A.B. asks: 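After the C-alpha cells below, expect a handful of questions from me.
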Amino acid sequence: MDDRFSLRFESTDRRGEVVRIPSSGLTVGRKPGCTLQLLDNSVSGKHAELRVDGDGVRLVDLGSTNGTRVAGQRVSEARLDDGCTVVFGNVAFVFRDLEADGPALEGELDTAPAGASATAAGDGLERVDASLVARSVQRSPAGLVGVGILVLAAAGLGAWLLLRPAGGAGDVLRAVVPVPGNLLAEGYSFEGDRDPFAAHEAAPAAFLPHGGARHSGAQGLRAELAAGEWAEHRSPTFAARAEREVRAQAALRARGAAFARLGVEFSVAEDADEPRGPITAWAEPVEAGAGFVESAIAAPVPPGYARARVVLRARAPSGEGGAVDADDVSAVEAPAPRRPAAELAGAALDLHGVQPLSASLSRIDRVLVSGIQLTTGSGAGPEDAVPLVARVEGPHIVLAAAPGAPRPARLVLRLEGALAAGGLATTAADGYRTAGAAPEREGVETLLLGRGVNLVRVVLPGPGLVRGGREGAAIVLSAELGNHEPLVRFHLDFSADKGAAEDLAHRARGASGRGELGAAIAAWSELLDRFPYEAALVEEAEATRAKLVQQGLSEVRDLRAEAERARFFALPSLFSAARERALAVAARFAGSEVEAEAGRLAAALETEVVALRRDEDRAERERLAAVLGVLEARGATGLAAEVRARLTQLEGPR
C-alpha cells in the first residue's frame with residue numbers, strides 16, 4: 001500500500017521529485033513537523049492532509065490562506081484520481097495511483113504513464129521526469145528504448161511548438177524575447193521551475209503557473225476567481241532611486257467577469273530611520289476581451305522611497321467569477337524629473353497611477369501623509385478608489401474626484417512619522433478638541449494634523465464622522481463625506497493667518513487685564529476655532545481659557561454655599577446680597593459658560609427672596625389683625641383706624 005500512491009513535484013526547485021503517500025497518510029504545510037514540508041510562502045503552516053482509505057486518497061484542506069486546488073478547482077475536500085493536478089498555494093503536484101486502470105509501463109509507453117510525465121521546461125522543450133527512466137530500466141530493456149524514443153520525440157515536439165499555431169484560433173506560441181535592463185530578469189515570462197513572485201497572504205485566490213496562460217514561451221500565470229475573490233502576485237523588490245521612474249509592463253488577459261491590473265508598489269528601505277506605508281501606482285484595468293493586452297505604467301519614484309516591486313492584481317465582482325492570465329512581466333528604470341501635481345508653501349502633492357487612485361503629501365523628502373484616497377466603499381483596494389485631480393487654490397491644495405468619477409463616500413489618509421507624532425485635533429460646531437491616536441467624533445469640519453513646520457489643516461467638504469486608529473507609528477484616518485461635494489482642501493500656507501491670531505491673543509490679554517473675563521474667554525475661544533495651528537498661541541489659549549472658566553465656576557460654587565447659609569437663617573436680605581453677587585459674576589464672565597451658571601443661580605436666589613418676603617408679609621398681616629381686634633374691643637377707634645390702614649396696605653388691592 002505504501003508504494004501505491006505518490007505525489008510528484010511539478011514546480012519549485014524540487015520539480016520531478018516523487019513523494020510516496022504511506023498508508024498512514026501525510027500532512028502538508030510550511031511548518032516543521034508536517035510530513036511533507038513545503039518552504040514556500042504561499043503555503044500555510046499546516047495546509048492540508050491526505051488520508052488513505054479503502055477507496056484511495058482523500059484530500060482535506062485545513063483552512064489554508066491561499067487554498068488548495070484539484071484539477072484547477074479550489075476545494076475544501078476532494079477524492080484524488082490518478083493523474084490529477086494538486087496545487088497547495090503555489091506549489092503544484094501530480095497525484096499517481098499505480099493500481100489505477102490504464103496501460104502498464106511494461107513494454108510500451110503511454111503519453112501519461114503512471115509515475116512519470118513529460119512536462120514543459122523553461123526553454124520551451126518537453127522535459128521527461130527522471131523517475132520514468134529509472135522505472136523503465138528496472139522493468140524491461142524495451143522500456144529503455146521506449147524512453148529514448150519519447151525523449152527524442154519530446155525534443156522535436158518542443159522545437160516544433162515554438163513555430164506552429166497552438167491549435168486555438170490566434171493562439172500562436174511566441175519565443176520569449178528578453179527585455180534589455182529588465183529588473184525582473186529572473187522571473188520574466190515565468191518559464192523557470194521556480195516563480196520568484198510571492199502571493200499576497202490575505203488573498204483568497206492566487207496566481208499559479210499554467211500552460212494555458214502563456215503569452216510567450218511554455219507557460220504564464222493564471223488566477224481562477226470565484227465571485228468576489230481577488231488575487232495579488234508581487235515581484236521581489238529592487239532599488240528605486242530619486243528622480244527616476246519605474247516603467248513596468250505585462251501581458252494581461254481577463255475572462256468572464258474578472259479584470260486585471262498592473263501596478264508598481266514603492267516602499268522604504270528596511271533600515272530606514274522613519275517607516276512609511278507603501279505607495280502603489282496602478283495602470284488602467286484590463287477587462288475581459290478577445291486576448292492579451294499589453295498593460296504598461298511609468299511610475300515616478302515618490303520622495304523618500306527607495307525600493308519598488310511590480311504587482312499583478314486580479315479581481316472578480318461579487319456576482320460572478322472569472323480568470324486572469326499574466327505573462328511577460330518586466331520593469332526597467334529611466335530618468336524622470338519629479339513633477340508634483342500641486343505645490344504650495346514648500347509642500348507638494350503627488351498623484352500616483354495612470355488614472356491616479358491615490359496621492360501623497362510631502363515636504364522635501366519627508367512624506368507627511370500617504371495613502372490619500374477617495375473611495376466608494378470600505379475596501380482599500382484600487383477597485384474602490386476613484387480617480388483624483390489636484391490644483392492650488394489660494395492657501396490650499398485642493399484634491400477632488402475626477403470629473404465623471406463615481407461619487408466617493410469617504411476620505412482615507414495615513415499620517416506618517418513627524419505628522420503622526422505631532423498630535424491630532426478636530427474642530428466641529430461645538431469647537432476645538434484634541435484627539436488621541438484612535439479618534440472618533442461626529443460633525444467634524446476640519447482636521448489639524450501635526451504642528452509647527454509640519455502642520456497640515458485638512459478642510460472637509462462638510463461635517464462628517466471621523467474615525468482613526470494607529471498602525472505602528474502611523475495613524476490611519478477615515479472621514480465620511482456624506483452628500484457633500486467630493487473634494488478636500490489641504491491648508492498649508494498659514495502666513496496670512498498669523499497676524500490675525502496674534503491680534504486675537506492681544507485682545508484676550510487686554511480683556512483679562514480690565515477684568516472683562518467673559519470677553520477674554522470669548523477671544524481665546526475664537527482663536528482656537530479659527531487658528532488652532534499657531535502652536536504657542538494655542539497652548540496659551542487652552543491654558544488661559546481653562547483657568548478663567550475654572551475661576552468663574554469656583555466663584556459660582558462659593559455663591560451657592562452662601563445661599564445655603566441664607567436658607568438656614570431664612571433672611572431675605574442674605575438671599576438678596578447673594579443674588580447681587582451672582583449677577584456681578586455673570587456680568588464679568590458675559591458670553592461664556594460661567595455667565596450661564598451664574599445667571600441660573602441668580603434666578604434661583606430671586607425665587608427664594610420672593611418666597612421669604614411673602615411669608616414675612618403673611619406673618620405681619622396676622623399680627624396686625626390680632627392687634628386690630630384688641631383695639632376695637634377696647635374702643636380705641638383712633639389707633640384701630642391706623643392699624644386698619646396698615647393692614648389694608650399689606651393686603652394690597654383686592
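All of these numbers come straight from a predicted model, not from anything done at the bench.
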A.B. asks: Tell me, do Glu284 and Arg261 make a side-chain contact under 4.5 Å, heavy atoms counted?
C.D. replies: no
A.B. asks: Can a donor-acceptor pair be found, under 3.5 Å and without considering hydrogens, that links the side chain of Arg241 to the backbone of Val301?
C.D. replies: no
A.B. asks: Looking at every non-hydrogen atom in both residues, tell me the closest pair between Ala308 and Ala240 and how far apart they are.
C.D. replies: CB-CB, 4.0 Å
A.B. asks: Run the side-chain contact (heavy atoms from CB on, under 4.5 Å) test on Val28 and Leu26 for me, step by step, so that the C-alpha distance in whole Å, both residues' side-chain angles and the decisive distance to 0.1 Å come before the verdict.
C.D. replies: CA-CA 7 Å; Val28 181; Leu26 57 77; 3.6 Å; yes
A.B. asks: Compare every heavy atom of Val354 with every heavy atom of Ala283, then report the nearest pair and how far apart it is.
C.D. replies: CA-CG2, 3.8 Å
A.B. asks: Does Asp327 pair with Arg214 as a salt bridge, N-O distance under 4.0 Å?
C.D. replies: no
A.B. asks: Is it true that Arg58 and Glu77 make a salt bridge, defined as a side-chain N closer than 4.0 Å to a carboxylate O?
C.D. replies: yes
A.B. asks: Rounded to the nearest 0.5 Å, what separates atom OG in Ser370 from atom CG in Leu419?
C.D. replies: 10.5 Å
A.B. asks: What's the spacing between Leu221 CG and Phe190 CZ if we round to 0.5 Å?
C.D. replies: 4.0 Å
A.B. asks: Do Ser478 and Arg410 get their side chains close enough for a donor-acceptor pair, meaning under 3.5 Å?
C.D. replies: yes
A.B. asks: Look up atom CG in Asn182 and atom CD in Gln249, then write down how far apart they are to the nearest 0.5 Å.
C.D. replies: 10.0 Å
A.B. asks: Indicate yes or no: at least one non-hydrogen side-chain atom of Leu262 is less than 4.5 angstrom from one of Val286.
C.D. replies: no
A.B. asks: Establish, from distance only, whether the side-chain atoms of Ser189 and Asp328 form a donor-acceptor pair under 3.5 Å.
C.D. replies: yes
A.B. asks: Rounded to the nearest 0.5 Å, how far apart are OG1 of Thr12 and CG of Leu39?
C.D. replies: 9.5 Å
A.B. asks: Just by modelled atom types, is the Asp384 backbone N or O under 3.5 Å from a matching donor or acceptor in the Thr375 side chain?
C.D. replies: no
A.B. asks: With no hydrogens and no angle check, just 3.5 Å: does a side-chain donor-acceptor pair link Glu191 and Gln219?
C.D. replies: no
A.B. asks: Compute the ring centroids of Phe93 and Phe9, then answer whether they are less than 6.0 Å apart.
C.D. replies: yes
A.B. asks: Quick check: are there more than 12 heavy atoms from other residues, nucleotides or ligands sitting under 6.0 Å from CD of Glu243?
C.D. replies: yes
A.B. asks: Under the 3.5 angstrom rule, does the side chain of Arg414 hit a backbone N or O of Ile475 as a donor-acceptor pair?
C.D. replies: no
A.B. asks: Applying side-chain contact (heavy atoms from CB on, under 4.5 Å) to Leu477 and Leu415, what does each step give before you reach the verdict?
C.D. replies: CA-CA 8 Å; Leu477 297 177; Leu415 316 187; 4.1 Å; yes
A.B. asks: Do Asp55 and Arg79 have side chains that approach each other closer than 4.5 Å (heavy atoms only, starting at C-beta)?
C.D. replies: yes
A.B. asks: When you compare the side chains of His352 and Ser360, does any donor N or O come within less than 3.5 Å of an acceptor on the partner?
C.D. replies: yes
A.B. asks: Without hydrogens or angle criteria, can the side chains of Gln373 and Ser358 be said to hold a donor-acceptor pair below 3.5 Å?
C.D. replies: no
A.B. asks: Determine whether Arg8 and Glu10 satisfy the following criterion, salt bridge (Lys or Arg N to Asp or Glu O under 4.0 Å), listing intermediate values before the conclusion.
C.D. replies: CA-CA 6 Å; Arg8 186 184 65 243; Glu10 292 296 300; 2.8 Å; yes
A.B. asks: Evaluate side-chain contact (heavy atoms from CB on, under 4.5 Å) for Leu184 paired with Phe238, printing each intermediate quantity in order.
C.D. replies: CA-CA 9 Å; Leu184 304 177; Phe238 48 84; 4.0 Å; yes
A.B. asks: Please report the closest heavy-atom contact between Ala78 and Val70, naming both atoms and the distance.
C.D. replies: CB-CG2, 4.3 Å
A.B. asks: Can any side-chain N or O of Gln37 pair as donor or acceptor with the backbone N or O of Arg30 at less than 3.5 Å?
C.D. replies: yes
A.B. asks: Can you tell whether the side chains of Glu265 and Arg309 come within less than 4.0 Å, N to carboxylate O?
C.D. replies: yes
A.B. asks: Is the shortest heavy-atom distance from the side chain of Phe207 to the side chain of Asn90 under 4.5 Å?
C.D. replies: no
A.B. asks: Where the side chain of Ser330 meets the backbone of Val179, is there a donor-acceptor pair that is under 3.5 Å apart?
C.D. replies: no
A.B. asks: Side chains of Leu374 and Leu411: does their closest heavy-atom pair fall under 4.5 Å?
C.D. replies: yes
A.B. asks: Quick one: does Phe266's side chain get under 4.5 Å of Val246's, heavy atoms only?
C.D. replies: yes
A.B. asks: Indicate the atoms forming the closest heavy-atom contact of Ala258 with Val324, along with that distance.
C.D. replies: CB-CG2, 4.0 Å
A.B. asks: Answer yes or no: is there a side-chain heavy-atom contact under 4.5 Å between Leu388 and Leu357?
C.D. replies: no
A.B. asks: Working note: Leu36 + Thr27, criterion side-chain contact (heavy atoms from CB on, under 4.5 Å); need CA distance, chi angles, decisive distance, verdict.
C.D. replies: CA-CA 6 Å; Leu36 175 55; Thr27 55; over 6 Å; no
A.B. asks: Charged N to carboxylate O below 4.0 Å: is that the case for Glu245 and Arg247?
C.D. replies: yes
A.B. asks: Salt bridge between Arg313 and Glu383, side-chain N to carboxylate O under 4.0 Å?
C.D. replies: yes
A.B. asks: State the CD-CD distance between Glu201 and Glu232, to the nearest 0.5 angstrom.
C.D. replies: 12.0 Å
A.B. asks: Any donor and acceptor pair, going by atom type alone, linking the side chain of Thr68 with main-chain N or O of Asp61 inside 3.5 Å?
C.D. replies: no
A.B. asks: Anything under 30° is parallel, anything over 60° is perpendicular, the rest tilted; go ahead and classify His200 against Trp230.
C.D. replies: perpendicular
A.B. asks: So, for Ser6 and Val18, which heavy atoms are closest and what is the spacing to 0.1 Å?
C.D. replies: CB-CG1, 3.7 Å
A.B. asks: Determine yes or no for a side-chain-to-main-chain donor-acceptor pair under 3.5 angstrom, with Arg307 supplying the side chain and Thr237 the backbone.
C.D. replies: yes
A.B. asks: If you measure from OG on Ser44 to NZ on Lys31, what distance do you get to the nearest 0.5 Å?
C.D. replies: 9.5 Å
A.B. asks: Between the side chain of Ser42 and the main-chain N/O of Gly89, is any donor-acceptor distance below 3.5 Å?
C.D. replies: no
A.B. asks: Return the minimal non-hydrogen interatomic distance between Ala316 and Ala226, and the atom names on each side.
C.D. replies: CB-O, 3.7 Å
A.B. asks: Does the salt bridge (Lys or Arg N to Asp or Glu O under 4.0 Å) test come out yes or no for Arg4 and Glu99, once each step is laid out?
C.D. replies: CA-CA 7 Å; Arg4 175 180 173 182; Glu99 296 183 8; 3.4 Å; yes
A.B. asks: Counting only N and O atoms by type, is there a donor-acceptor contact under 3.5 Å from the side chain of His233 to the main-chain atoms of Ala223?
C.D. replies: no
A.B. asks: Counting distance only, does the side-chain N/O of Glu416 pair as donor-acceptor with the main-chain N or O of Gly277 below 3.5 Å?
C.D. replies: yes
A.B. asks: Are side-chain heavy atoms of Ile279 and Tyr305 found at a separation under 4.5 Å?
C.D. replies: yes
